[in-house]
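Residues take their numbers from the sequence shown, with the count starting at 1. All heavy atoms count here, side chains included; hydrogens, waters and symmetry mates do not. Just so we're clear, the structure is a prediction, and the values are computed from it rather than from any experiment.
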Amino acid sequence: MATTSTIELAAASSPGDGLESCPLCRGLGYLRRDVPIGHPDFGKLVPCSCQLERLASVRLGRLRAMSELSALERMTFDSFLINVPGMPADKTANLRWAFDEAWSFADSPEGWLLMKGGFGCGKTHLAAAIANACITRGRPVLFKTVPDLLDHLRSTYAPSSLTSFDDTFEQVRTAPVLILDDLGTESSTPWAQEKLFQVFNHRYNAYLPTVITTNRELEEISLRLRSRLADPDLTRIVSITAPDYRRAGVGQDQSDLSSLALHGRQTLENFDVRTGELPQEETENLARVLKVARTYAEAPGDWLVITGPYGCGKTHVAAAIANQRTAQGHPALFILVPDLLDHLRATFNPQSTTTFDKRFEEVRRTPFLILDDLGTESATPWAREKLYQIFDYRYNARLPTVITTATPIEELDPRLATRMLDVTRCTLFAIQAPDYRGGSIAEKTARQRTSSRR
């Protein structure tokens with residue numbers, strides 16, 4: 001026969017809460033199970049059936065109070081836009097697949113769902129839509145951005161905190177459905193990494209439904225977390241390739257960093273191989289670079305590096321490749337290297353509306369990057385470090401990249417040069433023609449005479 005303890009249980013209920021009439025706990029709310037000595041539950045209090053609904057309601061209220069969904073109520077599956085005007089068909093199909101995966105998870109939360117992609121691609125909207133759908137169906141859910149979650153845990157150490165760290169941490173670890181937004185944007189202190197691992201590890205072992213969004217690649221996430229995230233038996237990974245939603249309409253794929261609009265007239269069709277002006281060898285060299293550019297523009301793969309003197313046509317070829325890609329509905333970020341570094345530095349200005357991380361990730365991960373005039377930048381240690389990080393990531397990820405430079409490669413940062421000289425991942429082409437714009441009339445006439453004799 002189960003027994004009760006009036007001293008310990010009186011605080012569990014209060015007059016008028018409707019529990020006085022319960023024949024099992026006699027209005028106290030909890031029971032001691034009648035089990036033999038040595039049983040794991042011997043002496044422990046368990047909620048009476050009359051308390052379960054109230055406790056569930058209290059738990060749901062606490063999770064809602066911890067969540068950040070009040071500002072995200074508008075983010076539902078109904079308000080999620082899939083058919084964005086001007087978006088390429090392959091991106092639309094990818095977005096629909098991501099939507100279907102999120103919808104399926106919300107309908108039956110099981111296992112883990114990892115959504116990754118660039119800034120503004122719709123990850124947070126879909127994660128919030130899952131949370132809002134769960135709440136609508138009466139299912140408890142905790143939604144937190146990872147940096148805010150860690151701040152919330154830290155705040156429990158304050159003397160004025162109304163909740164203990166242990167209670168708050170346990171609510172996170174055991175939430176029926178946990179949604180963690182923006183993994184990878186937190187300050188990566190040992191304490192933060194330890195707490196995240198404890199949350200991940202508990203939910204992994206307990207197979208608790210969890211949604212994670214990140215703009216990082218798995219390789220950039222700490223090994224202890226990655227080992228859980230990458231388990232194919234538990235996690236469905238959805239990679240969203242759609243561009244930033246907040247730049248809607250035709251041309252939305254074009255970053256505001258890109259200066260490609262200034263080179264709109266430069267195409268492969270109007271590239272001048274200067275027949276009759278240059279010696280035959282130099283004309284043939286220009287014809288070859290044009291052929292290489294056409295092939296690369298049709299199916300960009302790995303890197304294309306174009307070297308040559310100033311004014312020889314490097315920028316025209318690079319811009320023409322980018323223009324052909326954008327005309328086919330593919331994004332391309334074209335930027336002068338010194339301008340890129342200026343844009344990154346500008347994010348440190350207190351008045352900047354864009355964070356450094358967002359700018360840097362936008363460049364590092366863009367599907368197709370054209371870096372014009374490498375070697376003309378101010379080679380400060382900071383600039384060299386940022387360029388190396390961009391080069392190293394794109395090299396390892398094998399992301400299509402076009403680089404132009406008038407600086408001999410052996411004079412560039414060795415960390416960049418070694419990647420540009422890897423023939424297994426990079427096509428290196430040297431333009432031999434002189435400056436289109438330079439030289440005296442006499443020099444041009446002499447070149448034309450030499451060419452005619454040949």
Side-chain angles (χ1 to χ4, degrees), residues 69 72 75-84 87-134 137 139 141-146 149 175-186 196 199-200 203-204 207-222 225-247 252-253 330-331 358 361-362 364-367 393 397-399:
L69 286 170
L72 304 176
M75 293 187 177
T76 65
F77 287 114
D78 289 338
S79 65
F80 188 79
L81 184 61
I82 296 176
N83 297 307
V84 181
M87 185 183 290
D90 61 326
K91 302 293 177 64
T92 299
N94 171 265
L95 208 54
R96 182 171 296 281
W97 169 63
F99 177 92
D100 290 342
E101 290 290 333
W103 177 278
S104 176
F105 185 94
D107 186 56
S108 179
E110 293 180 356
W112 289 16
L113 178 65
L114 173 63
M115 294 186 289
K116 61 189 186 75
F119 290 101
C121 70
K123 305 184 301 297
T124 296
H125 190 137
L126 288 174
I130 292 172
N132 286 320
C134 287
R137 296 164 187 170
R139 182 177 286 123
V141 62
L142 174 60
F143 180 103
K144 295 289 284 186
T145 63
V146 175
L149 168 62
V177 178
L178 177 64
I179 300 176
L180 295 176
D181 192 33
D182 270 348
L183 176 67
T185 59
E186 70 279 357
L196 285 176
V199 171
F200 275 57
R203 299 187 69 82
Y204 177 85
Y207 208 80
L208 291 173
T210 307
V211 177
I212 303 108
T213 77
T214 182
N215 59 20
R216 303 287 184 182
E217 294 296 333
L218 282 176
E219 294 75 16
E220 300 175 80
I221 296 172
S222 69
L225 301 186
R226 189 196 323 159
S227 64
R228 272 73 180 160
L229 287 171
D231 184 347
D233 293 330
L234 176 71
T235 307
R236 285 176 286 171
I237 299 178
V238 176
S239 297
I240 303 177
T241 60
D244 193 332
Y245 261 73
R246 288 158 290 211
R247 292 199 301 270
Q252 64 179 329
D253 285 350
H330 301 287
K358 179 175 181 179
E361 290 302 305
E362 181 181 359
R364 196 165 67 146
R365 297 171 183 274
T366 189
Y393 179 84
R398 306 192 77 157
L399 291 173

**Q** Applying ring-ring contact (aromatic ring centres under 6.0 Å, His included), name anything that partners Tyr207, two or more places apart in sequence or on another chain.
**A** none
**Q** Considering only heavy atoms from C-beta outward, does the side chain of Phe105 approach that of Pro209 to under 4.5 Å?
**A** yes
**Q** Within this structure, what is the CZ-NE2 distance for the pair Phe77 and His125, rounded to the nearest 0.5 Å?
**A** 8.5 Å
**Q** Step by step, would you call Thr145 with Asp182 a side chain to side chain donor-acceptor pair (under 3.5 Å)?
**A** CA-CA 6 Å; Thr145 63; Asp182 270 348; over 6 Å; no
**Q** From Leu178 CG over to Leu149 CG, what is the distance, rounded to the nearest 0.5 angstrom?
**A** 7.5 Å
**Q** In plain terms, say whether Arg364 and Glu220 are close enough for a salt bridge, that is, a side-chain N and a carboxylate O under 4.0 Å apart.
**A** yes
**Q** Could you pull out the closest heavy-atom pair between Ala102 and Ile130, with the gap in Å?
**A** O-CG1, 3.6 Å
**Q** Is it true that Arg216 and Glu361 have a side-chain N and a carboxylate O under 4.0 angstrom from each other?
**A** yes
**Q** Does any donor atom in the side chain of Thr214 or Lys116 lie under 3.5 Å from an acceptor atom in the other side chain?
**A** no
**Q** What pairs meet the salt bridge (Lys or Arg N to Asp or Glu O under 4.0 Å) rule with one or both residues in residues 93-103, with sequence neighbours excluded?
**A** Glu101-Arg236
**Q** Which heavy atom of Val177 sits nearest a heavy atom of Pro109, and at what distance?
**A** CG2-CB, 4.1 Å
**Q** Roughly how far, to the nearest 0.5 Å, is CG of Asn94 from OG1 of Thr241?
**A** 3.5 Å
**Q** Decide whether a cation-pi geometry holds between Arg228 and Phe200; the criteria are a distance under 6.0 Å from NZ or CZ to the six-membered ring centre and an angle within 45° of the ring axis.
**A** no
